[in-house]
Amino acid sequence: KQIGKIGNGTDSQDGIYSVFQEVMNYFVDEFQEGYGNKIEVRIDEKQEVTIRDYGRGMGFEERYANSKSPKKTMEVTGFGIDAVYVLCGGVEMYVYKDKIREHRFYSHNIQSHSDKRKTREKDGLSIVFDFYHRMLSMKYWFDDGILLNMLQNISYLNPGLEIVYIRDYMKVRMKSKEGLVDLLKDKQQLKGEYLYPIIHLSDERMEVALTHSCANDSRMYLFVNGRVVEQDNPCFLAYREMLVNALLKYYYFESFSAEDVLSGLIGAISIYIDENESVTNRMKDFFSKELWLYLFRNTRVSDMFLMKMNIAKNKRELLSRY
């Protein structure tokens with residue numbers, strides 16, 4: 001299994017970002033368990049990464065042994081934290097619980113444990129890693145734009161979580177209150193672009209934000225298990241089709257096409273699934289229950305949907321005549 005591209009950090013698909021996301025997921029899971037609401041990310045001039053949270057003062061294995069939340073991010077690389085040990089050559093873990101416990105993990109599975117030292121630091125965990133020993137022949141650099149975009153998406157998917165990004169020349173704080181609603185607000189291209197307030201629906205494993213813009217183009221954002229799904233991904237097209245089909249069935253008495261439904265549609269979807277769970281069935285159930293119920297109860301928004309689709313339909317039929 002390939003872990004991203006071999007690159008120097010200029011491309012978001014480079015392996016160093018896959019490893020970064022892999023480690024971040026372990027910290028995000030702790031927040032989703034209900035412990036700690038702050039994660040700090042530090043990168044020094046040598047490109048050494050330190051990630052620190054303020055959750056339970058215990059290592060990853062102990063945290064998972066006491067896990068209670070069904071909403072878990074999935075492994076990015078397919079190998080878990082072991083991939084980080086191998087790719088980095090070594091990783092340092094510091095557990096803060098009245099005392100500091102230091103653990104060093106190496107790719108050949110040798111571990112060293114230091115003596116406990118008393119501390120006044122708040123409970124939590126930190127991980128320190130870099131790629132120096134594995135990338136001696138290649139200069140790499142974590143790009144601020146790529147990392148900030150990744151961290152901002154994590155913030156949208158975890159309302160209430162504060163993320164602090166620290167570098168020697170900058171310090172950025174981010175915290176979302178309304179999840180995917182904040183994402184659509186931040187992506188709004190023009191003031192007053194949206195025709196009606198953003199629809200926001202969610203349950204324990206799925207979240208949807210929808211609205212329409214004055215324009216004809218469609219903009220969709222999709223996250224599966226905390227990771228962005230790009231628009232050229234077959235999964236993205238399949239999930240978008242499920243949303244379109246749900247709306248076509250709701251307005252079954254009209255002869256709309258998928259093109260009519262997508263006209264001006266702005267949306268964001270986040271879903272968490274288990275490895276053997278059917279995404280198709282889960283999304284169909286959610287749309288046919290939550291979205292249909294919302295449109296039935298909110299006739300003004302439903303009428304706006306219908307108006308926008310009728311405009312697109314009339315335009316399409318008019319153009320087809322010439």
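Residue numbers start at 1 and run along the sequence shown.
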Apply side-chain hydrogen bond (donor to acceptor under 3.5 Å, both in side chains) to the pair D143 and Y17, showing each step before the final yes or no. CA-CA 10 Å; D143 182 87; Y17 298 112; 5.3 Å; no
Which pairs, with at least one residue in residues 199-231 and sequence neighbours excluded, count as a ring pair (Phe, Tyr, Trp, His ring centres under 6.0 Å)?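 As it turns out, the ring pair (Phe, Tyr, Trp, His ring centres under 6.0 Å) pairs with a partner in residues 199-231, which skip direct neighbours, are Y196-H212, H212-F305.
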Please tell me whether S257 and D260 have a donor and an acceptor in their side chains that are separated by less than 3.5 angstrom.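 Judged by distance alone, the side chains do pair up.
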Checking side-chain polar atoms at under 3.5 Å, does N66 have a donor or acceptor matched by the opposite partner on E62?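 Checked: N66/E62 side chains show no N/O donor-acceptor pair below 3.5 Å.
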Take F27 and F60 through the test ring pair (Phe, Tyr, Trp, His ring centres under 6.0 Å) and record every step on the way to the result. CA-CA 9 Å; F27 288 95; F60 292 137; 5.6 Å; yes
When you measure from the centre of the six-membered ring of F142, is the NZ or CZ of R167 under 6.0 Å away and within 45° of the axis?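 No, a cation-pi geometry is absent between R167 and F142.
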Q188 vs L184, test: side-chain contact (heavy atoms from CB on, under 4.5 Å). Steps then yes/no. CA-CA 6 Å; Q188 189 169 200; L184 294 192; over 6 Å; no
Supply the atom-to-atom distance L148 CG to N153 CG, rounded to the nearest 0.5 angstrom.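 Reported value, rounded in 0.5 Å steps: 11.0 Å.
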Show your reasoning for whether ring pair (Phe, Tyr, Trp, His ring centres under 6.0 Å) applies to Y64 and Y26. CA-CA 10 Å; Y64 283 157; Y26 284 90; 5.8 Å; yes
Can you tell me if R42 has over 12 outside heavy atoms packed within less than 6.0 Å of its CZ?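 Atom CZ in R42 is not crowded, with 12 or fewer foreign heavy atoms closer than 6.0 Å.
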More than 12 heavy atoms from other groups under 6.0 Å of NZ on K313: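 For K313, atom NZ is crowded (more than 12 foreign heavy atoms under 6.0 Å).
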Looking at E40, E121, E30, which hits salt bridge (Lys or Arg N to Asp or Glu O under 4.0 Å) with R52?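 With R52 as partner, E40, E121, E30 yield a single salt bridge (Lys or Arg N to Asp or Glu O under 4.0 Å), made by E121.
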Tell me which pairs pass side-chain hydrogen bond (donor to acceptor under 3.5 Å, both in side chains) where either residue lies in residues 285-309, with sequence neighbours left out.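 side-chain hydrogen bond (donor to acceptor under 3.5 Å, both in side chains) check on residues 285-309 returns Y251-S302.
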Partner residues of D123 under the salt bridge (charged side-chain N to carboxylate O under 4.0 Å, His left out) criterion, sequence neighbours left out: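 So D123 forms a salt bridge (charged side-chain N to carboxylate O under 4.0 Å, His left out) with K97.
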